[in-house]
Amino acid sequence: ILKHEIDTYHTDIVNEKRMFLEYTMHDVESLIANLSGLQDIKDTLSITVNHANLYQKIATQAKMGYILSGYTNLEGLVSIDIFSNSNDQYHVGETLDVSNTNIQLKDQLCREAEQANSSVYWSGIEENINRNSEHKYVINAVKLLYASKEKSREPIGVLIISYDVNYFKSAFKHLQSDGYFIIADSKKDIIYHPQNEYISKRLTDRISDQFIENSGSFVQVINDEEQLIKFARTQSGDWIIASIIPSKMIYQKVKSLHFI
């Protein structure tokens, strides 16, 4: 009975953290919904500005910058970037210098978003598309933009929200019984780990292959020590939140409670 109660406690903790993740992702998706619905943005992306004069380009940049700046108060937000099909970039965020943009990564994100079966594509942890940013790795949420709600036509641009991977540190750094949390994205790349050197690394197959169901638990040997791993999957993004606790700590806790 005592072991069952401890097991239930850790399951509840994992589900609580899963809900925190989903609330955070919902806030980002709400921001994306607001931005993608603005007619001024659609009108700007629908117009080819490649052949516009310098004044028109500056005026367009200023207008888009003003619109986007009204949406930068979301905690953890690194940047908002909108690209037209001709790679005109409209940006607000932590750095104003976008002279070194990773267009190849932007194109990759667009291809992945097109293939994804969701309104917002969570690419997980990636290098920042803005190479001049102090945030080398970010979490990207991507939405293709269309001139109308019907997706029968080609997209007119793409909206990329870059989110700070360090935002999760304060919420996930503590776990009783000498355990810890990890978060992995749909590609099984680590978004959060208490040891920074593991962030952006891929989970080993012997661990990631166990994350089949939407939630569950299993025992795995990590660094020569048996660990109890409890996990849950988010609805958005298909992320995994897992607690990793040394089995011996649970046995010791059960044993100590028997003596009370």
Side-chain angles (χ1 to χ4, degrees), residues 10 13-14 17-18 20-22 24-25 28 76-79 94 100 102 104-109 111-113 115-116 120-142 160-175 177-247 249:
H10 286 294
I13 290 278
V14 169
K17 298 301 184 183
R18 174 188 57 80
F20 171 82
L21 277 180
E22 290 183 339
T24 300
M25 297 169 91
V28 174
L77 181 70
V78 173
S79 63
E94 161 261 335
N100 192 13
N102 189 339
Q104 289 76 21
L105 177 56
K106 185 273 294 184
D107 291 340
Q108 174 190 319
L109 293 173
R111 290 191 296 268
E112 292 175 359
Q115 295 168 3
V120 175
Y121 169 60
W122 288 88
S123 73
I125 189 166
E126 302 271 5
E127 289 189 3
N128 199 325
I129 58 172
N130 298 306
R131 293 190 180 105
N132 291 332
S133 171
E134 64 180 29
H135 298 269
K136 182 179 180 182
Y137 290 101
V138 293
I139 298 161
N140 288 316
V142 185
I160 300 174
I161 302 292
S162 297
Y163 209 75
D164 185 3
V165 295
N166 293 317
Y167 175 73
F168 300 113
K169 278 187 176 180
S170 60
F172 290 90
K173 63 183 178 181
H174 295 303
L175 178 62
S177 302
D178 289 339
Y180 59 94
F181 288 105
I182 64 167
I183 307 171
D185 62 26
S186 60
K187 301 171 187 174
K188 304 302 186 292
D189 292 333
I190 296 173
I191 294 174
Y192 170 77
H193 191 287
Q195 295 175 265
N196 286 338
E197 60 265 29
Y198 287 103
I199 292 177
S200 81
K201 299 293 190 296
R202 185 151 294 183
L203 290 172
T204 60
D205 290 340
R206 65 188 177 89
I207 294 178
S208 63
D209 288 348
Q210 303 289 332
F211 297 131
I212 300 172
E213 305 295 333
N214 288 330
S215 62
S217 62
F218 58 94
V219 174
Q220 185 67 253
V221 175
I222 301 175
N223 297 330
D224 299 322
E225 187 174 8
E226 185 181 278
Q227 310 278 347
L228 174 63
I229 301 177
K230 284 191 166 292
F231 69 91
R233 192 185 303 274
T234 62
Q235 292 183 350
S236 295
D238 197 30
W239 291 4
I240 292 290
I241 167 70
S243 68
I244 301 176
I245 308 166
S247 296
M249 300 303 299

Examine distances only and state if a side-chain atom of Arg206 and a backbone atom of Val221 form a donor-acceptor pair shorter than 3.5 Å. yes
Taking the side chain from Glu226 and the backbone from Val219, do they hold a donor-acceptor pair closer than 3.5 Å? no
Residues, nucleotides or ligands: over 12 heavy atoms within 6.0 Å of Lys136 NZ: no
What class does the angle between the rings of Trp122 and Trp239 fall in, given that below 30° is parallel, 30 to 60° is tilted and above 60° is perpendicular? perpendicular
Can you tell me how far apart CD1 (Ile191) and CD1 (Ile139) are? Round to the nearest 0.5 Å. 4.5 Å
Answer yes or no: does atom CD of Gln195 have more than 12 heavy-atom neighbours from other residues, nucleotides or ligands under 6.0 Å? yes
For the side chain of Asp185 and the backbone of Ile125, is there at least one donor-acceptor N/O pair under 3.5 Å apart? yes
Does Glu225 offer a backbone N or O that forms a donor-acceptor pair with the side chain of Asn223 under 3.5 Å? no
May I ask you to check whether Phe211 and Phe231 place their ring centres under 6.0 Å from each other? yes
Judged by atom type as modelled, is there a donor-acceptor pair below 3.5 Å linking the side chain of Asn100 to the main-chain atoms of Arg131? no
Hey, could you give me the OG/NZ distance between Ser186 and Lys188, rounded to the nearest 0.5 Å? 7.0 Å
Distance col, row Ile160:CD1 vs Leu109:CG, nearest 0.5 angstrom, shows 5.0 Å
Looking only at atom types and distance, does a side-chain atom of Ser162 sit under 3.5 Å from a main-chain N or O of Val78, one as donor and one as acceptor? no
Test side chain to side chain contact (heavy atoms under 4.5 Å, CB included) applied to Val28 and Val120, step by step: CA-CA 10 Å; Val28 174; Val120 175; over 6 Å; no
For the pair Phe168 and Phe20, name the ring-plane relationship: parallel under 30°, tilted 30 to 60°, perpendicular over 60°. perpendicular
Side-chain donor/acceptor of Gln235 to backbone N/O of Glu22, under 3.5 Å: no
Rounded to the nearest 0.5 Å, how far apart are CD of Gln227 and OG of Ser243? 10.5 Å
Are any of the side-chain heavy atoms of Leu105 and Glu126 separated by less than 4.5 Å? yes
Do we see a donor-acceptor contact under 3.5 Å between the side chains of Glu112 and Gln108? yes
Heavy-atom side-chain contact between Tyr198 and Ile182 under 4.5 Å: no
Apply the test side chain to side chain contact (heavy atoms under 4.5 Å, CB included) to residues Thr234 and Met25: give CA-CA distance (whole Å), side-chain angles for both, the deciding distance (0.1 Å), then the verdict. CA-CA 9 Å; Thr234 62; Met25 297 169 91; 4.3 Å; yes
Between Glu94 and Asn130, is a side chain to side chain contact (heavy atoms under 4.5 Å, CB included) present by the stated rule, with each step listed? CA-CA 10 Å; Glu94 161 261 335; Asn130 298 306; over 6 Å; no
Between CZ on residue Arg18 and CD1 on residue Ile240, distance to nearest 0.5 Å: 11.0 Å
